[in-house]
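Take a look at the structure set out below.
Owing to the predicted nature of the structure, the values given are computational and were not obtained by experimental measurement. Residue numbers begin at 1 in each chain, while the letters A, B, ... track the order of the sequences.
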Amino acid sequence: MTSTILDQLRGVASDLFNIPASQITAESSPQTIDAWDSTQHLNFVLALEEKFGLQLSPEEMEQMHNVGEAAKVIENKLQGSR
Amino acid sequence: MTSESKAIDLRSEVDRLISARPISVESAALVSRRLADLWRAEAGSVAAAFLVSRFEKLRGKLPLQPYRLAILRSFTVEPAIPLLRAEAFVHGIDLTVQLGDFNAYPQEILDSNSLLYRFAPDAVILAAQTADLAPELWHRFADLEPEAVPSVIQNVTNNLSQWIRGFRERSSATLVVHSLELPAIPSAGILDAQSEGRQTSSSQCRAIQEINQALHVIANEHRGVYVLDYDGLVARHGRLRWHDERKWLIARMPIAADCLVYQAREWLRFLMPLCGKTAKVLVTDLDNTLWGGIIGEDGMTGIKLSPEYPGAAYQSVQRALLDLTRRGILLAICSKNNPEDAMPALTDHPGMLLKPKDFSAARINWNDKAQNLREIASELNIGTDALAFLDDNPVEREQIRNAMPEVTVLDLPEDPLAFAGAIRDCPAFERLTLSSEDQQRTGLYAAQRERSQAEQSFQSKEDFFRYLDQEAEVVPVSPTTLARVAQLTQKTNQFNLTTRRYTEQQIAELATRPEWQVLSISVRDRFGDHGLVGVAITRDEKDTCEIETFLLSCRVIGRAVETALLSHLAGIAAVRGRRCLSGRFIPTKKNAPARDFYSAHGFQLIEEKPDGSVWSLPLPQHKIASPEWIRLKTTEGAHN
């Protein structure tokens with residue numbers, strides 16, 4: 001399950017930040033991706049909300065320091081909603 | 001998961017095609033179709049970023065229309081911009097967007113040197129929330145004395161009026177103003193809707209609605225100012241679903257993530273007619289589209305078409321199509337059927353809301369639909385890019401998309417009850433103004449069919465022209481013809497010497513300049529009135545009268561109307577003392593019918609360049625004879 005969500009997030013990050021999905025790992029973050037600034041972080045959050053049909057809280061948004069942590073947040077959220 | 005993997009396949013196909021250097025025009029067109037496929041499959045923020053970055057690589061290879069849009073706002077709209085640009089790219093528009101600062105629109109509008117005007121936008125959107133424009137009404141309505149409400153309404157209205165007037169004084173760009181939304185739950189609850197024994201000014205909703213009504217009045221007082229019904233947009237998708245309070249509080253983003261795409265699409269509805277991206281003819285299938293079932297198998301009594309379920313779905317489709325004809329959109333039929341099966345249903349079925357006279361052309365046969373569509377376009381004298389195609393069969397739709405990518409293909413859902421909604425939702429049918437020609441168009445084309453039949457009974461063209469008994473009237477543009485004149489410059493592609501596009505405001509502005517002439521020509525004949533069908537715009541400079549624009553609607557091409565208009569231009573230029581009438585032909589993909597216009601009328605070629613040729617006629621020694629079979633009425637170009 002984790003790998004599926006993580007893969008989907010790599011696809012999202014690839015589209016949004018315009019870099020190949022193969023270069024995106026769980027550790028990819030605003031520090032490693034130039035295009036990932038604060039505006040793009042909001043876009044990233046909104047894109048995830050739209051794609052997974054959920055709303056993230058400010059606390060959850062802050063936990064998403066990199067792609068892997070974002071995947072964990074989404075995963076917890078999806079399990080919680082079941 | 002299959003749709004997910006299909007989307008990944010589309011992405012890698014796109015990137016494979018783009019990586020080939022140089023990209024051919026053909027493969028750019030294929031990439032564009034694949035990107036549109038991807039957009040249909042998953043319109044949203046993720047795909048939007050992908051589309052925008054890929055379309056940007058295809059600039060110069062695709063016939064994209066550049067357009068500059070400024071958005072003045074009171075809230076965060078940044079995440080909606082990639083969605084808007086992706087939507088625009090899919091519809092052939094390359095959009096450059098500039099955003100104003102938060103709540104800085106009054107200064108931006110009233111300062112002639114602001115970034116807004118330096119950006120030189122084609123259009124400007126003013127998107128401000130009720131909470132920002134009228135905080136007293138939104139946040140503190142319960143605290144307001146009823147007597148104070150009218151002055152609050154007046155203040156907000158005055159502000160809007162001042163900004164709109166201030167904008168129009170500084171720019172001729174189109175302005176689109178968001179209306180004010182109503183609260184999901186008024187501060188007084190259900191009491192807000194009860195007016196008995198209470199003053200009208202004690203209703204929060206009604207106070208906001210009053211501002212919206214005033215906004216419509218103000219917009220009407222200015223050219224090129226339109227209202228986006230933001231309250232209607234929010235209501236359509238549900239007030240509670242539209243808003244995300246948390247994003248508002250942390251990022252000033254009031255719109256929920258999954259509603260951003262609807263905001264982008266609503267903006268696009270305005271951009272389509274502004275860019276001239278409009279479908280003029282809707283070509284519709286019959287079986288399982290205009291009625292349920294197959295007429296050739298189920299027969300008159302078996303097809304579903306009635307006010308009850310399931311026939312009601314198809315009556316709704318017919319109602320939607322009738323509504324389109326009122327916007328000046330023509331209907332045509334393209335159906336794989338035996339005419340002897342289909343025709344009785346069209347003429348006699350009691351459930352038919354559409355009548356045979358509502359259709360301007362029909363191809364009921366077993367031929368390839370792309371071929372039929374080309375024939376319909378040619379019969380109606382329009383380009384195939386002005387066609388829209390409605391068919392319940394996804395295979396037919398896909399074939400048209402591949403064979404004729406310029407055609408607007410409506411994507412129909414599975415459920416027939418949702419067909420009518422999909423038709424009404426199509427942005428290619430949006431119009432911002434409606435001329436009287438638009439409303440009568442179906443009748444105009446019916447007269448055209450009678451003309452064609454009459455033409456065949458004459459030996460020579462001249463005999464036919466004499467029989468037609470044409471009368472043409474040339475007059476300067478006036479407030480009543482402004483909309484139609486601007487519309488013709490935006491839509492005419494074939495007989496158009498320079499293909500220069502003008503907005504209503506630009507035409508209005510040119511008409512006030514003494515050295516410019518903006519003339520229109522209207523034509524009528526024994527079969528009826530063609531209405532306003534041609535425009536000529538000239539500019540005097542020293543000894544020369546330069547023809548900036550010369551165009552004629554295709555429905556009167558080839559009847560010497562163009563000669564009559566040109567003859568008039570030469571005549572009045574000589575009267576104004578000009579020594580030379582000069583014109584330019586700028587070739588496009590579509591204006592070949594106008595190529596030999598100047599040479600055929602005795603003009604000398606002065607200069608020939610790939611981007612156009614310059615022609616000249618000495619005055620007053622050269623006169624252009626107006627054809628004797630057209631009675632030309634003119635009003636002298638009195639300038640206001």
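- Taking OG of B:Ser53 as the start and CD1 of A:Ile19 as the end, the distance is 11.5 Å to the nearest 0.5 Å.
- For A:Asp34, the CG atom is loosely surrounded, since the number of other residues' heavy atoms within 6.0 Å does not exceed 12.
- Listed by sequence position, the residues of residues 90-105 of chain B in contact with chain A number zero, using a 4.5 angstrom heavy-atom cutoff.
- The candidate from B:Val46, B:Asp258, B:Leu51, B:Leu260 with the greatest count of non-hydrogen atom pairs under 4.5 Å with chain A is B:Val46.
- Proximity to chain A among residues 78-86 of chain B is limited to B:Glu78, B:Pro79, judged by heavy-atom separations below 4.5 angstrom.
- With a threshold of 4.5 angstrom between heavy atoms, B:Ala47 approaches chain A through N, CA, C or O but not through any side-chain atom.
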Derivation of the side-chain contact (heavy atoms from CB on, under 4.5 Å) call for A:Val45 and B:Met253: CA-CA 12 Å; A:Val45 169; B:Met253 234 302 291; over 6 Å; no
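- For A:Ser14, no part lies near chain B; criterion is any non-hydrogen pair under 4.5 Å.
- Interface residue A:Leu42: only side-chain heavy atoms are found under 4.5 Å from chain B.
- Of residues 20-31 of chain A, not one residue has a non-hydrogen atom less than 4.5 Å from any non-hydrogen atom of chain B.
- For residues 228-251 of chain B, a heavy-atom distance under 4.5 Å to chain A picks out B:Asp244, B:Arg246, B:Lys247, B:Ile250, B:Ala251, given by residue number.
- Interatomic distance, CG of A:Asp15 versus OG of B:Ser45, reported as 11.0 Å (0.5 Å rounding).
- Nearest approach of B:Gly44 to A:Glu50, heavy atoms of both residues: CA-OE1, 3.2 Å.
- With a 4.5 Å cut-off on side-chain heavy atoms, A:Asn18 and B:Glu56 do not count as touching.
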